Student: 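Please find one structure pasted underneath; my questions will follow.
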Amino acid sequence: VRRLYGASPLHLLGHLALLGVAAYALSRAFQPRFAPEPLNLAAWLVGGALLHDLVLLPAYSALDALAVRTLHTPLLNHVRIPFVLSACVFLVYAPRILDRQPRNVVNALGVEPPDYLLRWALLTAALFMGSLLLYAMRAHAGARARAAARGGPHGS
Amino acid sequence: VRLLPATPPPGPARPEFWRSPLRGARLTVVLGLVLLAAIVVVAVTGFLSHAAYQPDLGRNAQVPVGQDLQLFVIGWPTSPSWLYALTQGLHVTIGIVAVPVLLAKLWSVIPRLFAWPPVASAAQALERLSALALVGSTLFQFATGITNAELYYPWHFKFVSAHYYGAWVMVAAVALHLGLKYPTIRTALRTRQEVLQLADDLRAPAPAPETISRRGFFATVAGASGLLLVTTAGQSLGGPFRRIALFAPRGAGVSGPAGFPVNKTAAVARITPQLVGAGWRLRLTGPDGTTAELSRTELMNMPQQTYNLPIACVEGWSTTQSWRGVRLTDLAARVGAHDAQQVRVESLQPRGAFRQTTLGHAQLRDHRALLALQVNGMDLPLDHGYPARIIVPALPGVHCTKWVGELSFS
């Protein structure tokens with residue numbers, strides 16, 4: 001088996017078990033009464049992996065490479081980290097931040113939802129301001145320490 | 001016959017293409033174990049939610065019984081009353097909080113996607129297929145679950161069945177992945193860093209200068225998860241935490257009549273004032289066909305009980321309020337159903353998956369199980385189910401039927 005297949009029989013068995021479970025589960029999920037448009041469900045099932053691996057990850061990697069090229073190191077992470085935090089909130093809450101299908105929300109809640117875009121913009125501004133303020137304080141403290149070191153024990 | 005050149009073409013298939021000094025077996029293993037803990041919580045609470053809907057009763061099943069891959073039925077209790085608020089709050093909150101960890105984990109193993117040659121053996125072909133099942137189903141579960149909790153439905157299939165069966169694919173794929181990677185995990189955790197580096201194919205052979213430490217990387221992921229936790233969990237925890245749940249759909253700044261949010265308004269359920277006016281009667285049916293009709297005044301003249309009980313929604317939010325009404329067992333006694341095992345509840349709403357539901361023995365017999373007429377000292381607002389709604393401890397919110405028209409005991 002190992003020569004023909006390339007791994008142990010247990011490896012094969014495990015994969016066959018996964019294929020069995022997946023085939024049964026998908027055959028149930030693809031029943032016409034649950035998935036009247038099978039291609040739509042299929043696109044959703046594999047679309048996430050394709051979009052993530054071939055679009056999202058290359059896009060943020062390129063953006064990060066650009067940041068690494070243009071910013072020097074202590075400042076780099078003071079920009080990177082608030083960006084990552086803000087982007088994660090945006091990714092998770094994009095439907096509400098972009099106010100997609102607003103009728104669903106009004107119909108369910110009975111009231112107009114808060115302005116999530118404004119909240120996200122304010123949160124993003126606060127994250128960047130906090131991070132850059134921290135950078136400025138550190139840079140200032142560093143400059144003072146360097147000045148003190150240059151002045152030596154006799155410095156004023 | 002060799003179809004592809006032995007050396008990979010320029011680009012991501014070459015190991016030198018990947019230059020981050022952070023990648024390595026240990027980083028991936030740590031992220032993987034954190035993600036595993038989150039997925040275990042999300043999967044267990046997800047299957048518990050399936051059990052809480054009591055699919056074996058009446059027409060409760062959302063996914064056909066016998067086709068749900070469950071070998072046994074889990075009875076759903078009524079104590080503690082916050083049980084479903086806890087399990088479903090964890091399901092949604094941990095799912096959201098795990099997103100940065102999931103992204104970091106996928107980032108850490110991306111070179112593997114482009115490994116050269118793409119397929120070296122039948123075994124490797126199957127491994128690639130199982131990786132697609134793993135990543136595809138996990139991203140599907142997170143994407144559909146999170147968007148559904150945000151009341152956004154951009155797909156053309158039934159969410160419940162797709163999310164349920166998708167979970168089985170994800171659980172099976174995670175189990176196989178753990179089995180395959182067990183030796184790697186063991187080695188990465190037990191071997192000294194210097195020795196590990198020698199056989200670590202995730203490490204960049206020509207790393208770029210370090211711009212953030214591994215500790216800094218973990219702290220950033222933890223920070224992103226923490227921010228999502230703080231801006232989400234309040235819709236489940238309530239109290240002062242609700243005020244900082246800035247993005248959760250039932251979080252800060254979202255309320256409703258009687259001081260708490262609505263899951264579904266009367267308007268969208270097509271409840272008209274005529275349906276719930278003075279002519280409204282609660283129809284009771286006993287196991288032997290005995291029937292009774294009670295007006296709201298007659299119900300108000302029956303013994304009233306008051307309990308502080310949470311309602312908890314499958315979308316993850318919950319809120320505890322003071323409910324006042326008639327015990328279900330008192331109503332059962334009205335039609336001679338002293339030892340009824342189940343009650344079928346029908347709403348006045350003309351359509352919808354939850355216009356009727358069946359409650360089991362534990363739910364019917366709990367002394368806190370009410371047909372609520374009032375909340376927080378006032379008559380139920382229409383959007384919260386006037387003239388009467390079911391409130392049962394630890395029962396999913398959609399089974400706490402609003403605008404009740406009929407109770408059939410059996």
Side-chain angles (χ1 to χ4, degrees), chain A residues 4-7 11-12 14-15 17-19 21-22 24-26 28-29 31 33-37 40-41 44-49 51-53 56-57 61 68 73 76-77 80-81 84-85 87-89 91-93 95-97 100-101 104-105 107-111 113-114 116 119-120 123, chain B residues 67 69 96 99-100 106-107 110 113 120-124 126 130 132-133 135-137 139-140 143-144 146-147 150-153 155-158 161-162 165-166 168-169 172-173 176 179-180 211-212 216 220 223-224 227-228 231 246-247 249 252-254 256 261-265 267-268 383:
Chain A
L4 273 176
Y5 172 66
H11 184 279
L12 181 59
H15 281 82
L18 169 63
L19 283 179
V21 172
Y24 180 76
L26 294 179
R28 299 297 88 201
Q31 292 174 95
R33 59 181 164 147
F34 293 151
E37 293 174 37
N40 182 259
L41 178 55
W44 272 82
L45 281 166
V46 293
L51 272 178
H52 173 270
D53 290 358
L56 182 66
L57 192 145
S61 298
V68 169
T73 32
L76 173 65
N77 287 329
R80 240 182 191 171
I81 291 169
V84 167
L85 266 58
C88 281
V89 171
L91 184 70
V92 166
Y93 283 112
R96 292 286 51 89
I97 291 170
R100 305 300 294 168
Q101 299 179 350
N104 288 358
V105 180
N107 284 345
L109 272 63
V111 290
Y116 292 112
R119 287 186 181 183
W120 178 74
L123 176 77
Chain B
Q67 297 186 14
L69 282 159
I96 285 173
V99 166
L106 291 174
W107 174 84
I110 192 71
L113 177 67
S121 65
Q124 208 207 341
L126 277 181
S130 74
L132 177 65
V135 179
S137 65
L139 288 173
F140 179 81
T144 54
I146 291 172
T147 43
E150 290 181 56
L151 309 165
Y152 177 49
Y153 319 114
W155 46 73
H156 303 290
F157 47 81
K158 200 172 165 231
S161 51
Y165 288 118
W168 278 106
V169 179
L176 177 64
L180 290 176
T211 53
I212 189 166
T220 307
L227 185 61
L228 285 167
T231 53
L246 290 177
F247 297 100
V254 177
V262 171
N263 185 53
K264 192 186 205 179
T265 54
V268 79
D383 280 343

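None of the values given here were measured: they were computed from a predicted structure. Labels below follow one simple rule: chain letters A, B, ... track the order of the sequence lines, proteins then strands, and each chain is numbered from 1. We use all heavy atoms of the structure for the numbers below, so side chains are in, but hydrogens, waters and symmetry mates are not.
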Student: For the pair A:Tyr93 and B:Phe247, name the ring-plane relationship: parallel under 30°, tilted 30 to 60°, perpendicular over 60°.
Tutor: parallel

Student: Would you name the heavy atoms of B:Leu69 and A:Ala25 that are closest together and state the gap between them?
Tutor: CD1-CB, 4.3 Å

Student: Side chain to side chain contact (heavy atoms under 4.5 Å, CB included) for B:Thr211 and A:Arg80? Distances and angles first, verdict last.
Tutor: CA-CA 11 Å; B:Thr211 53; A:Arg80 240 182 191 171; 3.0 Å; yes

Student: By a 4.5 Å heavy-atom criterion (distance strictly below it), what part of A:Leu109 contacts chain B: side chain, backbone, both, or neither?
Tutor: both

Student: Say you draw a straight line from CG of A:Leu41 to NZ of B:Lys158; how long is it, rounded to the nearest 0.5 Å?
Tutor: 13.0 Å

Student: Checking A:Val68 against chain B: side chain, backbone, both or neither under 4.5 Å from a heavy atom?
Tutor: side chain

Student: Looking at every non-hydrogen atom in both residues, tell me the closest pair between B:Ala224 and A:Cys88 and how far apart they are.
Tutor: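 Shortest heavy-atom separation between B:Ala224 and A:Cys88 comes out as CB-SG, 3.9 Å.
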
Student: Measure the shortest side-chain to side-chain distance between A:Glu37 and B:Trp155 over non-hydrogen atoms and say whether it is less than 4.5 angstrom.
Tutor: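 Not touching, per the 4.5 Å side-chain cut-off.
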
Student: What's the shortest heavy-atom distance between B:Ala143 and A:Trp44, and which atoms?
Tutor: CB-CZ3, 4.4 Å

Student: Count the heavy-atom pairs under 4.5 Å between each of B:Ser161, B:Ala172, B:Ala120, B:Ala162 and chain A, then report the option with the highest count.
Tutor: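 Answer, by heavy-atom pair count under 4.5 Å with chain A: B:Ser161.
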
Student: Taking atom CZ of A:Phe34 and atom OH of B:Tyr165, what is their separation to the nearest 0.5 Å?
Tutor: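 Reported to 0.5 Å precision, the distance equals 6.0 Å.
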
Student: For A:Leu91, is it the side chain, the backbone, both or neither that has a heavy atom under 4.5 Å from a heavy atom of chain B?
Tutor: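 When you check distances to chain B, only side chain atoms of A:Leu91 fall under 4.5 Å.
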
Student: By a 4.5 Å heavy-atom criterion (distance strictly below it), what part of B:Ala173 contacts chain A: side chain, backbone, both, or neither?
Tutor: both

Student: Can you tell which part of B:Ala252 gets under 4.5 Å to a heavy atom of chain A, answering side chain, backbone, both or neither?
Tutor: both

Student: Side chain, backbone, both or neither: which part of A:Pro113 has a heavy atom under 4.5 Å from chain B?
Tutor: neither

Student: Does any backbone or side-chain atom of A:Asn107 lie under 4.5 Å from a heavy atom of chain B? Answer side chain, backbone, both or neither.
Tutor: both

Student: Which bit of A:His15 is near chain B, if near means a heavy-atom gap under 4.5 Å: side chain, backbone, both or neither?
Tutor: both

Student: Given the options B:Val135, B:Ile146, B:Leu106, which has more heavy-atom pairs under 4.5 Å with chain A than any of the others?
Tutor: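 So the answer, after comparing B:Val135, B:Ile146, B:Leu106, is B:Leu106.
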
Student: Chain B: which of A:Ala22, A:Gly47, A:Ala49 shares the most heavy-atom pairs with it under 4.5 Å?
Tutor: A:Ala49

Student: So do the side chains of A:His11 and B:Leu180 get within less than 4.5 Å of each other, counting heavy atoms only?
Tutor: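 A:His11 reaches B:Leu180 side chain to side chain.
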
Student: Are side-chain heavy atoms of A:Leu18 and B:Leu126 found at a separation under 4.5 Å?
Tutor: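 No, too far: nothing below the 4.5 Å cut-off.
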
Student: Cut-off 3.5 Å, side chains only: do A:Arg119 and B:Thr231 have a donor facing an acceptor?
Tutor: no

Student: So, do B:Val169 and A:Leu45 sit near enough that their side-chain heavy atoms are less than 4.5 Å apart?
Tutor: no

Student: Which bit of B:Leu139 comes within less than 4.5 Å of chain A, counting heavy atoms only: side chain, backbone, both or neither?
Tutor: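 Interface part for B:Leu139: side chain.
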
Student: Top residue by heavy-atom pair count (under 4.5 Å) with chain A, among B:Asp383, B:Thr220, B:Leu132?
Tutor: B:Thr220

Student: Could you tell me which portion of A:Val111 (side chain, backbone, both or neither) has an atom closer than 4.5 angstrom to a non-hydrogen atom of chain B?
Tutor: side chain

Student: Tell me, do B:Trp107 and A:Leu56 make a side-chain contact under 4.5 Å, heavy atoms counted?
Tutor: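 Side chain of B:Trp107 against side chain of A:Leu56, heavy atoms only: no contact under 4.5 Å found.
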
Student: Sort B:Ile212 into side chain, backbone, both or neither according to what part of it lies under 4.5 angstrom from a heavy atom of chain A.
Tutor: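 Looking at B:Ile212, backbone and side chain both touch chain A.
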
Student: Among A:Val92, A:Val21, A:Thr73, who wins on heavy-atom pairs under 4.5 Å with chain B?
Tutor: A:Val92

Student: For the candidates A:Arg96, A:Arg100, A:Arg28, which exhibits the highest count of non-hydrogen atom pairs separated by less than 4.5 Å from chain B?
Tutor: A:Arg28

Student: Taking side chain as everything from C-beta outward and backbone as N, CA, C, O, which of these in B:Ile110 sits under 4.5 Å from a heavy atom of chain A? Side chain, backbone, both or neither.
Tutor: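 For B:Ile110, the contact with chain A is made by the side chain alone.
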
Student: With only heavy atoms counted, which part of B:Leu176 is less than 4.5 Å from chain A, the side chain, the backbone, both or neither?
Tutor: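 Just its side chain gets close to chain A.
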
